[in-house]
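Before any comments, here is the structure.
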Amino acid sequence: MRTLPVADPGIPDARGPLRYLWWVARGQGSTMLAGVGLAVLWWLGQALVPAALGKAVDAMAQRDADTLIRWSAVVLGLGVLQAVAGVMRHRFAVVTWLSAAYRTVQVTVRQAARLGATLPKRLSTGEVVSVGNSDIAHIGNAMDIFLRGTGALVAVVVVTVIFIATSVPLGLVVLIGVPLMAAAVGPLLKPLHRRQHAQRDLQGDLATRAADIVAGLRVLRGIGGEQVFAARYREESQRVRQAGVRVASVESLLEGAQVLLPGVLIACVTWLGAHFALEGRITPGQLVAFYGYAVFLIAPLRTLTEAADRLTKGHVAARRVCCILSLEPEITGGDRRSGEPHALPGTLRDGESGVEVRPGRLTALAAAAPEDAIAIADRLGRFAPGDVTLGGTPLAELPLAEVRRHILVADNGARLFSGRLRDELDVRGTATDEDVRQALYAACAEDIVAALPEGLDAHVAESGREFSGGQQQRLRLTRALLADAEILILVEPTSAVDAHTEARVAGRLGKARAGRTTLVCTTSPLVLDRADHVLYVEGGVVRAEGTHRELLDGAPGYRATVTRGEG
């Protein structure tokens with residue numbers, strides 16, 4: 001069955017990755033602010049320890065016991081502050097990471113539901129899967145590093161102020177050195193961004209290839225194509241590996257810069273501080289404090305360099321998410337209401353082909369070209385634009401949600417998802433045991449359930465791969481019947497079953513849909529013979545209509561189409 005497009009006001013503006021990242025951050029503003037505050041306290045708790053130690057050393061040199069005890073207590077208090085703020089900061093960082101990652105999952109899934117049949121036409125499976133595999137982690141990391149990076153920046157500023165207040169030359173070294181470090185790292189970011197983007201595209205293509213191989217493994221084994229596709233997968237995986245190596249080469253330079261550049265700055269600060277102490281321009285306690293600051297600065301400066309890397313990756317990931325969010329459905333609904341909830345259904349008519357599906361009847365559509373039948377079903381179900389009316393009202397004027405309530409299109413592109421079989425068949429969760437039994441009987445699927453040790457409680461694997469093609473088709477038909485739509489459109493519902501089973505399905509389908517409107521697109525004589533009314537389409541237009549036997553006698557084109565289907 002087709003995906004139900006649902007408009008969702010919660011889908012953010014997708015005009016740019018920075019806008020998206022801002023939207024994610026704003027959505028958890030209080031958590032982000034609390035996390036930033038705790039990160040600042042955590043970093044300041046560490047930044048002020050060298051100053052307190054320096055004061056304690058000076059007190060010790062002056063043999064001032066009271067001052068020594070007081071500054072020792074300050075050091076203890078700063079340690080407690082670091083412990084409490086560090087634990088809470090980490091908790092808020094985890095919450096922020098999870099919130100950012102899963103908000104991305106939510107909006108992506110909502111957009112997928114909104115796009116419906118448009119999504120697989122515009123994006124590959126791997127592209128969408130990669131959002132959940134890697135992009136959500138990069139977006140979460142970007143939010144996490146924002147907390148620590150902000151606190152690190154504040155800590156660097158505070159240390160610089162302390163340096164300037166104590167020794168202007170040392171303060172200037174830090175004040176000038178930090179921007180120079182940022183300028184030295186800057187040239188690495190652009191090639192890193194470009195290479196990460198290329199690797200992300202290749203990862204999406206590789207995921208698509210893997211999904212295709214897994215989905216078609218049974219067919220590949222049948223035609224002996226496993227080795228060919230395995231070789232193609234190896235080639236593409238090597239391209240992904242090579243792209244990853246290119247990304248790693250830049251990242252290694254960035255990692256090296258995180259150690260080298262802060263180390264050079266610290267060496268300069270320590271060397272100058274030692275000279276100033278020898279000259280008597282600073283006290284021994286201040287020298288100890290300066291050395292402590294120099295060692296401390298390694299952590300916040302590395303965090304700032306790490307922030308550049310993670311924000312770059314988050315920007316690339318947000319761009320891929322925006323590619324999905326920027327898509328618009330091919331089909332949009334109107335704003336006209338039908339009034340009474342059940343007053344609308346009547347004759348469903350496609351003006352382009354002349355197909356009319358009358359209320360309460362089992363109508364069959366036999367097309368000389370299968371693609372014509374699919375195109376008509378898409379228009380009747382409002383999955384493609386067309387001049388279609390329902391009870392005289394154009395479908396284009398009705399909201400899509402209302403169209404979906406009245407019309408259900410079930411084709412062989414529908415998939416079974418993993419989960420309990422009963423939940424897969426009764427998607428609305430309203431069917432009774434008797435309803436399920438009757439639907440299974442009508443679709444001749446009782447034997448499938450009987451063969452499962454746990455029956456309807458059995459777990460369905462991904463895409464229902466444990467079932468054969470014919471079994472999947474009968475289970476999909478069961479699901480469509482349990483939906484109990486006012487108008488049900490079935491596209492080739494028996495193409496994968498044997499003739500004996502097809503005859504039983506054809507005989508039971510009409511009874512199962514008694515009083516409801518049903519259109520079956522098929523060229524099977526067994527199904528056509530059971531229909532109340534048959535339409536023959538050639539060249540996209542209805543050429544003849546009547547019962548199956550009348551058309552066999554009076555429409556040579558229909559007879560040729562049906563006998564080919566029978567053969």
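These numbers come from a predicted model, not from an experiment.
- For R91, there are no side-chain hydrogen bond (donor to acceptor under 3.5 Å, both in side chains) partners, not counting sequence neighbours.
- The side-chain contact (heavy atoms from CB on, under 4.5 Å) check on Y558 picks up A366, L528, V534, Y536, H548, L551, L552, A555, V562, with sequence neighbours excluded.
- Nearest heavy atom pair, residue P493 against residue C521, reads CD-O, 4.2 Å.
- Between atom CG of residue L477 and atom CG of residue L490 there is a gap of 6.0 Å, rounded to the nearest 0.5 Å.
- Applying the side chain to side chain donor-acceptor pair (under 3.5 Å) rule to pairs touching residues 355-365 yields R349-E356, sequence neighbours excluded.
- In terms of the salt bridge (charged side-chain N to carboxylate O under 4.0 Å, His left out) criterion, D372 has no residue partners (sequence neighbours excluded).
- Between D553 and R559 there is no salt bridge, since no side-chain nitrogen of the basic residue lies less than 4.0 Å from a carboxylate oxygen of the acidic one.
- The backbone N or O of G419 lies less than 3.5 Å from no partner atom in the side chain of E424, so there is not a single donor-acceptor pair.
- Residues L395 and T389 form no side-chain contact, since every pair of their non-hydrogen atoms from C-beta on lies 4.5 Å or further apart.
- For A506 against V527, the heavy-atom pair with the smallest separation is CB-CA, 3.8 Å.
- Scored by the salt bridge (charged side-chain N to carboxylate O under 4.0 Å, His left out) test, R474 finds D447 as partners (sequence neighbours excluded).
- To the nearest 0.5 Å, atom CD1 of residue I489 and atom CG of residue L348 are 5.5 Å apart.
- In terms of the side-chain contact (heavy atoms from CB on, under 4.5 Å) criterion, residue partners of D433 (sequence neighbours excluded) are, by chain and number, R422.
- Remark: side-chain polar atoms of R530 are not paired, donor with acceptor, to backbone N or O of L362 under 3.5 angstrom.
- For the salt bridge (charged side-chain N to carboxylate O under 4.0 Å, His left out) test, residues two or more places apart in sequence or in another chain that qualify with D423 are R420.
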Show me the donor-acceptor pairs, under 3.5 Å and distance only, between side chains in residues 96-103 and residues at least two apart or in other chains.
from, atom 1, to, atom 2, distance (Å)
T96, OG1, F92, O, 2.7
W97, NE1, N141, OD1, 2.8
S99, OG, Q28, OE1, 3.3

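- Residues satisfying the side-chain contact (heavy atoms from CB on, under 4.5 Å) criterion with P359, sequence neighbours excluded, are T347, T517.
- Considering CD of Q111 and OG1 of T118, their distance stands at 9.5 Å, rounded to 0.5 Å.
- With contacts defined as side-chain heavy-atom distances shorter than 4.5 Å, the pair R476/D411 does not qualify.
- Side-chain contact, Q473 with S495: a donor N or O sits under 3.5 Å from an acceptor N or O.
- Residue pairs meeting the salt bridge (Lys or Arg N to Asp or Glu O under 4.0 Å) criterion with at least one partner in residues 499-509, sequence neighbours excluded, are E446-R508.
- Closest approach of T478 and A445 over heavy atoms only: OG1-CB, 3.8 Å.
- Rounding to the nearest 0.5 Å places CZ of F146 at 9.0 Å from CG of L311.
- Ion pair E328/R114 flagged as a salt bridge, since at least one NZ, NE, NH1 or NH2 atom sits closer than 4.0 Å to an Asp/Glu carboxylate oxygen.
- H315 NE2 to R319 CZ: the interatomic distance, rounded to the nearest 0.5 Å, is 5.5 Å.
- Side-chain atoms of Q238 do not come within 3.5 Å of backbone N or O of E235 as any donor-acceptor pair.
- Using a cut-off of 4.0 Å between Lys/Arg side-chain N and Asp/Glu carboxylate O, D144 and R310 are scored as salt-bridged.
- Taking CG of L325 as the reference point, atom OG1 of T108 lies at 5.5 Å (rounded to 0.5 Å).
- Counting only heavy atoms from C-beta outward, the side chains of L509 and L481 approach each other to under 4.5 Å.
- The salt bridge (charged side-chain N to carboxylate O under 4.0 Å, His left out) check on D435 picks up nothing, with sequence neighbours excluded.
- For D350, the side-chain contact (heavy atoms from CB on, under 4.5 Å) test picks out E352, S353, V355, I376, R379, L380, V388, with sequence neighbours left out.
- Nearest heavy-atom pair, D532 versus T547, reported as atom, atom and distance to 0.1 Å: O-CG2, 4.5 Å.
- Scanning all heavy atoms of the two residues, the minimum distance from A367 to T561 falls at O-CG2, 3.6 Å.
- A side chain to side chain contact (heavy atoms under 4.5 Å, CB included) with L440 holds for exactly one of L456, L482, I448; it is L456.
- Nearest heavy atom pair, residue R479 against residue A414, reads NH2-CB, 3.7 Å.
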